[in-house]
Amino acid sequence: MRRRLLPALGAVTVVAALLTAPARPALAATGDQPYASYWYPDTILGWDPATDPDARFNRSRVPLRPRAQDPALKANTHARAGEGRVVSLVSFAPTSANPSQGSLDASYYAFGHWQYVDRLVFWGGSAAEGLILAPNPTVIDAAHRNGVKVYGTVFFPPEVFGGQLQWVRDFVQKRGSSYPVADKLVQVARHYGFDGWFINQETEGGDAALAAELRSLIKYARAKGPVEFMWYDAMTESGPVDWQEALTPANDAFLGDPERVSDSMFLDFGWDAGKLGSSRALARSLGRDEHELYAGIDTEADGYDTSVPWDAVFPAGRPHVTSLGIYRPEWTWRSSSSPADFRARDSRFWAGANGDPSDTSTSSAWKGLAHHVAESTPITGKPFVTGFNLGHGDFYNVGGVRVRDGGWNNLSVQDVPPTYQWIVSSRGTELTPSIDFGDAYEGGSSLRLTGRLDAVNTVRLYQTRLPVAANTKLSAVVRTPAAGATHLRVAVAFTDAPTRFTTFDLGATKSTGWERRTLDLSAHAGKIITQIGLRTTGVKKAYDIRVGQLAVYDGVVDRPSPPTGLTVLGVTDVSDTRKSLRLAWTGSHGTVHHYDVYRRDPGGGRTYLGATPNDAYFVPGLDRAGGETSTMIEVEAVSTEYGRSPAAKATVSWTGASGTAVPEAGTRP
């Protein structure tokens with residue numbers, strides 16, 4: 001392939017922006033859709049979160065989780081732990097069209113293989129929209145729950161795609177000893193809660209002085225941090241855009257010699273074994289880890305049919321030469337014909353052609369990332385709760401009750417996906433595990449096991465590091481098509497025998513509804529759980545069971561205090577019978593996983609409107625029920641153990657041109 005990373009993207013991004021960029025709200029008092037922030041170098045200087053009406057909706061409240069990696073528990077014998085890493089460069093939408101908090105559409109790149117990724121770049125930027133793009137909070141939330149860092153993008157396009165060298169000069173403009181744009185990059189990352197920036201300078205015409213200023217700006221910003229930078233191999237130290245496809249004396253100053261400049265570098269696509277070998281040697285001579293170099297591959301057009309010299313970066317049976325950078329892996333979604341096709345493509349891309357990361361044998365050169373990179377896990381502390389919710393779906397359930405029909409996406413409520421998708425061992429017929437979008441206990445999906453049960457099956461799900469205390473509980477919520485034996489046990493392994501499972505029987509169900517089993521782990525106090533899975537026993541011709549939740553926690557389930565001061569910041573009439581709302585509140589005391597937002601129905605029930613870990617939420621569609629003159633809005637806090645608080649309340653009126661909102665008595669501090 002040719003080596004231009006962004007010219008190919010630039011054309012797509014510019015055209016998409018001109019065709020699909022929405023009109024943006026101009027007034028802070030409206031209830032219009034907030035979007036992820038984007039700027040040019042001169043416009044970011046005027047950004048102030050206190051005056052930006054969208055800024056409150058673009059904050060992530062989820063801290064970066066620590067991750068662990070146990071080489072003894074890696075799925076694939078070929079994979080190596082603690083060596084090469086993966087950065088994923090993803091365009092979720094055109095630069096100007098990234099909703100801040102999800103949308104009412106199930107079709108979305110709901111990535112579910114975080115265990116193989118170390119960093120995600122929120123890809124975008126175009127001459128027509130803006131050059132600097134901050135990631136939206138839903139992506140930050142999901143990535144951070146999985147221990148993955150998130151970067152925004154700074155893109156200076158080539159002239160053929162609208163690039164102007166003056167934009168680069170504006171970017172590095174100094175005020176005394178400071179770089180004002182760098183100050184804003186740091187402020188944005190801190191305020192929104194993400195980890196760094198990917199710098200892509202491809203505008204022609206630069207000189208050595210401009211290149212030196214770019215390096216100085218990055219060092220200045222890193223010193224003010226904490227904020228990280230990844231540099232793209234395009235501009236060289238002498239100023240021209242000249243892709244090296246390697247770390248060379250022409251670009252190594254951007255990595256740092258002798259002083260660290262960038263935290264890492266993305267090498268353009270035309271590398272080979274020789275270039276990566278010399279890059280590793282040069283990185284080591286600079287005192288840098290060779291795995292801070294990410295050898296880029298372009299999967300935008302061909303996905304897993306892309307030709308990649310895998311042995312040059314991940315040689316079989318030998319240490320990884322560098323890390324890997326994947327440009328546009330969302331091809332699995334954009335090229336798919338249906339939701340099921342997307343999931344199949346994504347599985348093949350990451351886990352391999354067999355849908356089993358322990359068996360990546362195939363005639364294809366693309367064996368899946370699981371073949372090369374060992375899984376990491378963010379499940380390093382309690383509580384751990386999963387409902388196998390992938391962050392999108394065609395309905396929404398809470399506690400097994402349907403509270404909304406219709407498509408949605410919101411990665412802020414995505415659970416940590418299973419570490420192993422899927423590893424099943426059996427001496428008979430293997431059952432088929434899957435994420436099922438037909439039913440859920442929490443969210444829009446659950447885990448389902450189906451097939452002919454004629455022997456014991458063990459399904460590995462999660463790699464963990466969970467200490468067991470005297471009051472530690474293990475909880476499972478299951479559902480069967482008919483009352484009777486579940487034939488199911490929860491399987492747990494401990495550090496003293498990390499591959500041998502101790503099982504806990506879930507018994508029989510009494511109905512066809514969701515049922516919870518709470519198990520006491522006190523007999524194992526002092527141990528550390530290294531794996532969680534499931535084991536089936538018995539015989540059943542057509543076995544079918546759903547698992548709606550697995551949880552490990554101490555004591556009783558925590559219930560947070562309610563949020564207070566629920567306020568409707570703005571209301572917009574979408575139609576005579578639909579409004580959009582901007583809501584805000586004061587957060588609860590204690591640790592909160594997220595806040596659920598509802599409307600109270602005339603019959604006394606509730607309809608789910610959405611969720612966020614933040615203290616502000618945009619409701620895209622509040623529909624009038626019959627001739628009601630007002631609608632009660634309720635917001636309740638959900639703890640990390642999934643205990644729920646009483647609700648804060650406010651009323652939205654359907655009289656007048658745009659409606660009014662009045663908090664209920666007792667909801668303010």
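Values below: every heavy atom of this structure, side chains too, minus hydrogens, waters and symmetry copies.
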Indicate whether any N or O donor in one side chain lies under 3.5 Å from an N or O acceptor in the other, for T138 and N410.
no
Closest approach of A106 and D394, non-hydrogen atoms and distance?
CB-OD1, 3.5 Å
Quick one: are K579 and V652 in side-chain contact, heavy atoms under 4.5 Å?
yes
Taking K224 first and then D183, would you say they form a salt bridge - that is, a charged N and a carboxylate O separated by under 4.0 Å?
yes
Sorted by chain and residue number, the ring-ring contact (aromatic ring centres under 6.0 Å, His included) partners of H392 (sequence neighbours excluded) come out as F437
Here the pair of heavy atoms bringing V188 nearest to A134 is CG1-CB, 4.0 Å
Sidechain N-carboxylate O distance under 4.0 Å for E228, K149:
yes
For S100, enumerate each residue passing the side-chain hydrogen bond (donor to acceptor under 3.5 Å, both in side chains) test, keeping only those at least two apart in sequence or located in another chain.
N58
Report yes if some heavy atom in the side chain of L521 is under 4.5 Å from a heavy atom in the side chain of F504; otherwise report no.
yes
Under 3.5 Å: donor-acceptor pair, side chain of S588, backbone of S561:
yes
Yes or no on side chain to side chain contact (heavy atoms under 4.5 Å, CB included) for T95 and F155, after CA distance, side-chain angles and deciding distance?
CA-CA 11 Å; T95 296; F155 167 42; over 6 Å; no
Using side-chain hydrogen bond (donor to acceptor under 3.5 Å, both in side chains) as the criterion, list what pairs up with Y441, not counting sequence neighbours.
R516
Just one of D615, L569, V597 clears the side chain to side chain contact (heavy atoms under 4.5 Å, CB included) bar with L583, so which one?
V597
Residue list, ring-ring contact (aromatic ring centres under 6.0 Å, His included) with F384, at least two apart or on another chain:
Y462
More than 12 heavy atoms of other residues, nucleotides or ligands under 6.0 Å from CG of D48: yes or no?
yes
Between R644 and E442, is there a side-chain N and carboxylate O pair less than 4.0 Å apart?
yes
Are D263 and R119 ion-paired here, with the side-chain N under 4.0 Å from a carboxylate O?
no
Smallest heavy-atom separation, R61 atom then N614 atom, equals NE-OD1, 3.1 Å
Pair S412-D141, side chain to side chain donor-acceptor pair (under 3.5 Å): steps then yes or no:
CA-CA 5 Å; S412 288; D141 291 343; 2.6 Å; yes
Identify whether NZ of Lys or CZ of Arg in R402 sits under 6.0 Å from the centre of the six-membered ring of F395 and within 45° of that ring's axis.
yes
Distance-only polar pair, side chains of D52 and W47, donor-acceptor under 3.5 Å
yes
Before accepting this row, confirm whether a basic side-chain N of the pair R599/D623 lies closer than 4.0 Å to the acidic partner's carboxylate O.
no
For a 4.5 angstrom cut-off between non-hydrogen side-chain atoms, does L120 reach V90?
yes
Contacts of F194 that satisfy ring-ring contact (aromatic ring centres under 6.0 Å, His included) - sequence neighbours left out:
W197
Could you tell me if the side chain of H144 sits less than 4.5 Å from the side chain of D195, heavy atoms only?
yes
Do the two ring centres, one from Y608 and one from Y396, sit under 6.0 Å apart?
yes
With Y179, which residues qualify under ring-ring contact (aromatic ring centres under 6.0 Å, His included), at least two apart?
Y220
Taking all heavy atoms of R546 and all of S446, pick out the closest pair and write down the distance.
CD-OG, 3.8 Å
Between S376 and Q115: side-chain donor-acceptor atoms closer than 3.5 Å
no
When the ring centroid of W123 is compared with that of Y109, is the distance short of 6.0 Å?
no
Full working for salt bridge (Lys or Arg N to Asp or Glu O under 4.0 Å) between R606 and D596
CA-CA 11 Å; R606 296 196 302 181; D596 281 332; over 6 Å; no
Given the options Y151, Y38, F92, Y192, F122 meets ring-ring contact (aromatic ring centres under 6.0 Å, His included) only with F92
May I have the step-by-step check of salt bridge (Lys or Arg N to Asp or Glu O under 4.0 Å) for R479 and D439, ending in yes or no?
CA-CA 10 Å; R479 187 169 192 170; D439 199 1; 3.0 Å; yes
So which atom in L131 and which in P41 form the shortest heavy-atom distance, rounded to 0.1 Å?
CD1-CD, 3.8 Å
Hey, mind stepping through E641 and K473 against salt bridge (Lys or Arg N to Asp or Glu O under 4.0 Å) and telling me if it holds?
CA-CA 11 Å; E641 296 177 353; K473 305 287 196 304; over 6 Å; no
Check whether N397 reaches the backbone of A440 with its side chain - one donor and one acceptor, N or O, closer than 3.5 Å.
yes
Does the pair E634/R600 count as a salt bridge with the N-to-O cut at 4.0 Å?
yes
When you measure from the side chain of E515 to the backbone of S511, do you find a donor-acceptor pair of N or O atoms at a distance under 3.5 Å?
yes
Among side-chain atoms of S107 and W333, is any donor-acceptor pair under 3.5 angstrom?
yes
Report yes or no: does N98 contribute a side-chain atom to a donor-acceptor pair with the main-chain N or O of A36 at less than 3.5 Å?
no
Do the ring centers of W585 and Y617 come within less than 6.0 Å of each other?
no
Backbone of L390 reached by a side-chain donor or acceptor of Q414 within 3.5 Å:
yes
Is there a donor in the side chain of T419 and an acceptor in the side chain of E375, or the other way round, less than 3.5 Å apart?
no
